[in-house]
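To start, the structure under review is shown below, and the notes come after it.
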Amino acid sequence: VSASSDNSIILWDILLGNIIEIYQPITGAVWAVDVHPAENRALISTGYPENTIVEFDFTEHTLSNNFIGHEGTISTVRYNSDGTLALSTASDHSVILWDVINRTWIRQFEGHTEFVWDAGFNADETQILSGASDRTMILWDIATGNVIRQFAGAHTNGIHTVYITQDNRFAISGSGDGTVVIWDVE
């Protein structure tokens with residue numbers, strides 16, 4: 001699945017590289033997309049400048065589940081492994097953890113001083129890693145909302161993508177300065 005500022009979401013055949021279907025479910029640009037991990041339904045989460053997140057059902061071609069909580073452009077949406085939780089990041093300097101089933105936010109993580117571009121769950125989904133234009137990554141405790149560790153000093157430009165390895169030992173950041181840094185989490 002890919003998303004674009006031309007208002008489209010494209011479903012691709014990854015083996016052949018062909019477009020299966022093009023959807024234009026909203027009138028604004030699609031800034032972020034993540035496919036729901038459940039096999040029995042094909043849902044997509046989209047964030048766009050109206051500061052909301054919606055789910056799109058590929059089968060029914062319908063929008064549902066408005067998630068409202070950010071006060072800025074949403075840059076990332078990401079489901080957890082079973083699709084019951086989701087993360088979003090935004091220009092309001094925050095990360096929000098969502099209860100997908102009840103369509104409510106559980107916790108807002110605030111600690112970055114600029115646009116938060118990306119976030120992801122660690123393997124056991126007890127922590128969140130976020131990266132921002134302030135050139136920092138923050139590792140958060142999901143249960144308490146507390147900062148576990150802040151990573152800074154390696155990039156000269158904002159961090160646009162983050163990843164934590166499956167063994168939770170390393171965090172990886174990609175920056176607008178053209179570098180990728182591997183950090184020891186322990």
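Worth saying up front: this structure is predicted, and the values here are computed from it rather than measured.
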**Message:** Are Ile68 and Val54 connected into the same hydrophobic cluster when the rule is that any two of I, L, V, M, F, W, Y join if their side-chain heavy atoms are below 4.5 Å apart?
**Reply:** no

**Request:** Answer yes or no: are there more than 12 heavy-atom neighbours, outside Ile14 itself, under 6.0 Å from its atom CD1?
**Result:** no

**Asked** How many angstroms lie between atom CG of Asn18 and atom CG of Asp13, to the nearest 0.5 angstrom?
**Response** 6.0 Å

**Asked** Okay, side chain of Asn80, backbone of Ala86: is any donor-acceptor separation there less than 3.5 Å?
**Response** no

**Asked** Ile164 and Val180: same hydrophobic cluster, using ILVMFWY side-chain contacts below 4.5 Å?
**Response** no

**Prompt:** Linking I/L/V/M/F/W/Y whenever any side-chain heavy atoms sit under 4.5 Å apart, do Val35 and Leu11 land together?
**Reply:** yes

**Item:** Test item: side-chain donor near acceptor, Asn157 and Ser175, under 3.5 Å
**Value:** no

**Item:** Tyr23 and Phe56 aromatic ring geometry - parallel, tilted or perpendicular at 30°/60° bounds
**Value:** perpendicular

**Message:** I'd like to know if the side chain of Gln108 and the backbone of Leu97 have a donor-acceptor N/O pair within less than 3.5 Å.
**Reply:** no

**Item:** Ile74 side, atom CD1; Trp31 side, atom CH2 - distance, nearest 0.5 Å
**Value:** 11.0 Å

**Prompt:** Is there a donor in the side chain of Ser2 and an acceptor in the side chain of Trp12, or the other way round, less than 3.5 Å apart?
**Reply:** yes

**Prompt:** Rounded to the nearest 0.5 Å, what separation is found between the OG atom of Ser94 and the CZ atom of Arg107?
**Reply:** 13.5 Å

**Prompt:** Do Leu129 and Ile138 come close enough that some side-chain heavy atom pair is under 4.5 Å?
**Reply:** no

**Test item: Trp140 and Ile148 side chains (from C-beta on) under 4.5 Å apart, heavy atoms** = no

**Message:** Within the structure provided, determine whether His155 and Val181 are in side-chain contact (heavy-atom separation under 4.5 Å).
**Reply:** yes

**Item:** Reported OG-to-NE2 distance for the pair Ser133 and His160, which is rounded to 0.5 angstrom
**Value:** 5.0 Å

**Fill in**
Closest heavy-atom pair, Ala90 versus Ser75, reported as atoms and distance to 0.1 Å, is N-OG, 4.0 Å

**Message:** Strictly distance-based, threshold 3.5 Å: is any side-chain N or O of Asn102 a donor or acceptor partner for the main-chain N or O of Thr104?
**Reply:** no

**Request:** Start with the C-alpha gap between Met137 and Arg149, add the side-chain angles, then the distance that decides, and say whether side-chain contact (heavy atoms from CB on, under 4.5 Å) holds.
**Result:** CA-CA 8 Å; Met137 281 194 314; Arg149 182 168 175 199; over 6 Å; no

**Request:** Return yes if some donor-acceptor pair links the side-chain N/O of Thr89 with the main-chain N/O of Val116 below 3.5 Å, else return no.
**Result:** yes

**Message:** Tell me whether Ile142 shares a hydrophobic cluster with Tyr79, the cluster being built from Ile, Leu, Val, Met, Phe, Trp, Tyr side chains joined at under 4.5 Å.
**Reply:** no

**Asked** Roughly how far apart are Phe170 CZ and Glu186 CD, rounded to 0.5 Å?
**Response** 7.5 Å

**Request:** Is it possible for you to say whether Ile106 and Val77 belong to one hydrophobic cluster, with membership spreading through side-chain heavy-atom contacts below 4.5 Å?
**Result:** no

**Request:** Go through the steps to decide whether Phe67 and Ser88 satisfy the test side-chain contact (heavy atoms from CB on, under 4.5 Å), and finish with yes or no.
**Result:** CA-CA 10 Å; Phe67 298 88; Ser88 59; over 6 Å; no

**Asked** Are Ile96 and His70 side-chain neighbours, meaning at least one heavy-atom pair lies under 4.5 Å?
**Response** yes

**Request:** Could you check if a side-chain atom of His112 sits within less than 4.5 angstrom of a side-chain atom of Thr136, using non-hydrogen atoms only?
**Result:** yes

**Asked** Do Ser173 and Trp183 pass the side-chain contact (heavy atoms from CB on, under 4.5 Å) test, and can you show the C-alpha distance, the side-chain angles, and the key distance before you say yes or no?
**Response** CA-CA 8 Å; Ser173 57; Trp183 307 77; 2.8 Å; yes

**Request:** Check step by step if side-chain contact (heavy atoms from CB on, under 4.5 Å) holds for Asp124 and Asn168.
**Result:** CA-CA 9 Å; Asp124 62 5; Asn168 296 327; 4.2 Å; yes

**Asked** Which heavy atom of Thr113 sits nearest a heavy atom of His93, and at what distance?
**Response** O-CE1, 3.1 Å

**Request:** For the pair Thr144 (side chain) and Asn146 (backbone), establish whether a donor and an acceptor sit closer than 3.5 Å, ignoring hydrogens and angles.
**Result:** yes

**Asked** Any idea which heavy atoms bring Ser130 and Val162 closest together, and the distance?
**Response** C-CG1, 4.0 Å

**Request:** Kindly compute the distance separating CD (Glu21) from CD1 (Ile9), expressed to the nearest 0.5 Å.
**Result:** 11.0 Å

**Request:** Check whether any side-chain heavy atom of Asp99 sits under 4.5 Å from a side-chain heavy atom of Thr84, and report yes or no.
**Result:** no

**Prompt:** Does a salt bridge link Asp177 with Arg135, judged by any charged N lying under 4.0 Å from a carboxylate O?
**Reply:** no

**Prompt:** Are any non-hydrogen side-chain atoms of Ile128 and Asn122 less than 4.5 angstrom apart?
**Reply:** no

**Any side-chain heavy-atom pair of Leu87 and Phe121 under 4.5 Å** = yes

**Prompt:** Got more than 12 heavy atoms from elsewhere within 6.0 Å of CD, Glu71?
**Reply:** no

